[in-house]
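Heavy-atom basis, side chains included; hydrogens, waters and symmetry copies ignored. These numbers come from a predicted model, not from an experiment. Within every chain, numbering begins at 1; the chains are lettered A, B, ... in the order of the sequence lines, protein sequences first and strands thereafter.
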Amino acid sequence: MPELPEVETVRKGLLHLVKGKTIESVEVRWPRIIESPEIETFQRNLVNQTIEDVQRRGKFLIFKFTNFDMISHLRMEGKYDFDPNMQDTLDKHTHVIFNFTDHSRLFYNDVRKFGRMVLVPKDESSQYKGIKQLGPEPQPDVFYLETFQEKLKRSAKAIKPLLLDQKLVTGLGNIYVDEALWEAQIHPETPASALNESETTRLYQAIIDVLARAVEAGGTTIRSYANALGEAGTFQVSLNAYGQTDLPCPRCHTPIIKIKVAQRGTHYCPTCQKRKG
DNA sequence: ATTAATCCCTGGAGGC
DNA sequence: TGCCTCCAGGGATTAA
């Protein structure tokens with residue numbers, strides 16, 4: 001499940017492979033992947049467009065074309081595969097194919113079909129609703145402790161779902177939110193407003209640190225897929241809570257337990273992460 | 001306004 | 001072996 005570190009890893013891989021490539025044609029095999037504009041417009045607008053850059057905002061990839069921005073969200077299982085010279089074969093999960101003028105291709109594969117793409121005029125990706133509503137990137141130069149604490153103070157919502165909705169800070173998904181809460185020693189169901197200053201400070205630092213370390217490791221690989229960009233990450237060996245059910249907490253050796261919080265599987269240490277509020 | 005539930009999707013795992 | 005149910009979950013949408 002790509003979260004910020006995995007999307008960043010995909011971005012770097014894609015940039016290296018497709019920068020400078022020009023689109024000859026686009027095939028769409030599962031129309032719902034294209035959120036807007038209409039499929040025919042999406043395809044027609046991309047012809048003769050050159051990829052100048054591949055950027056990222058939160059978990060969204062942004063392909064910078066000559067005259068358009070293409071926003072792509074991988075959701076759960078979306079991935080890009082690059083085929084340098086017409087060697088690879090499509091499978092039933094290949095939903096969009098970008099054919100380049102040099103006869104290389106980029107496949108968008110997505111088992112669950114949750115991923116979405118949007119094409120907007122050049123430099124207007126920041127106006128796209130899904131991106132416009134995002135909170136800051138999890139870096140200290142744009143994500144401020146005081147603002148974070150003020151917002152937490154004003155919400156009665158449980159801390160985990162609050163961190164998942166991308167408005168306070170963007171980039172956390174189910175894996176890294178469990179990791180950040182473990183690191184900060186906070187119970188995932190704690191009402192945000194019940195956290196004291198010491199806890200919110202630890203949480204702020206944990207969010208920044210966990211995501212930075214995961215980016216450094218190239219993300220987390222839960223399942224491996226051959227030839228899939230961004231699937232070579234090694235952060236899975238550093239997980240302390242996520243997916244560690246019944247294994248000893250690395251800090252206190254109490255078995256990690258798993259519960260449901262806001263419909264999400266949630267892993268935490270019942271000793272280190274005491275419930276409060 | 002905020003917060004919770006529902007939906008989109010498929011494959012893999014486990015029960016019987 | 002085969003059929004069934006459950007589970008994985010990001011974010012848009014709908015409901016309360």
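- Look at NZ on A/Lys151: it is 18 Å from C1' on B/dT3, rounded to the nearest Å.
- For C/dA12, the OP1/OP2 oxygens have a side-chain nitrogen or oxygen of A/Gln133 closer than 4.0 Å.
- Within the 4.0 angstrom heavy-atom criterion, no nucleotide atom of any strand lies near A/Glu35.
- A/Tyr128 comes within contact range of no nucleotide atom at all, as no heavy-atom separation falls under 4.0 Å.
- When heavy atoms are screened at a 4.0 angstrom cut-off, A/Ala156 is found touching the sugar-phosphate backbone but no base atom.
- Taking atom CD1 of A/Ile259 as the reference point, atom P of C/dA8 lies 12 Å away to the nearest angstrom.
- The distance between atom CD of A/Glu77 and atom P of B/dT10, rounded to the nearest whole Å, is 11 Å.
- Distance A/Glu189 CD to B/dT3 P: 15 Å, rounded to the nearest Å.
- Comparing A/Arg264 and A/Ser155, the nucleotide of DNA chain B nearest to each residue sits closer to the 5' end for A/Ser155.
- Taking atom CG of A/Leu172 as the reference point, atom P of C/dG10 lies 10 Å away to the nearest angstrom.
- At B/dG11, one or more side-chain N or O atoms of A/His93 fall inside 4.0 Å of OP1 or OP2 (strictly under the cut-off).
- Between A/Lys113 and B/dT10 there is a side-chain N or O to OP1 or OP2 distance below 4.0 Å.
- You'll find the side chain of A/Asp110 stays beyond 4.5 Å of the side chain of A/Trp30, heavy atoms only.
- No side-chain heavy atom of A/Tyr144 sits less than 4.5 Å from a side-chain heavy atom of A/Pro136.
- Within the nucleic acid shown, A/Arg32 comes within 4.0 Å of sugar-phosphate atoms alone, with no base atom in reach, counting heavy atoms only.
- A/His95 has its NE2 atom 16 Å from the P atom of B/dC8, to the nearest Å.
- Distances were taken from every side-chain heavy atom of A/Arg112 (C-beta onward) to each of C/dG10, B/dA4, C/dA8; the shortest belongs to C/dA8.
- Listed pair A/Lys167 / B/dT2 fails the phosphate criterion, with no side-chain N or O lying under 4.0 Å from OP1 or OP2.
- Residue-level contact check: A/Lys92 touches the backbone only, with heavy atoms under 4.0 Å from sugar-phosphate atoms and none from bases.
- Between A/Val54 and A/Leu15, the closest heavy-atom pair is N-CD1, 3.5 Å.
- A ring-centre distance under 6.0 Å is found for A/Tyr204 and A/Phe143.
- Minimum atom distance to the side chain of A/Arg75 is reached by C/dG11, of the listed C/dA8, C/dG11, B/dA4.
- Using a 4.0 Å cut-off, some side-chain N or O of A/Gln166 falls inside it from OP1 or OP2 of C/dG11.
- Taking the six-membered ring for Trp and thresholds of 30 and 60 degrees, A/Phe65 and A/Phe63 have nearly parallel ring planes, at less than 30 degrees apart.
- Residue A/Leu164 has its side chain nearest to C/dG10 when only C/dA12, B/dT10, C/dG10 are considered.
- Here the C1' atom of nucleotide B/dG11 and the NZ atom of A/Lys79 are 12 Å apart, to the nearest Å.
- In this structure, A/Asp165 atom CG and C/dA12 atom C1' are separated by 13 Å, rounded to whole Å.
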From CA spacing to verdict: salt bridge (Lys or Arg N to Asp or Glu O under 4.0 Å), A/Lys64, A/Asp69: CA-CA 5 Å; A/Lys64 304 292 287 188; A/Asp69 285 6; 3.1 Å; yes
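- Put simply, A/Lys59 has a side-chain N or O that comes within less than 4.0 Å of OP1 or OP2 on C/dG11.
- Using a 4.0 Å cut-off, no side-chain N or O of A/Gln263 falls inside it from OP1 or OP2 of B/dA4.
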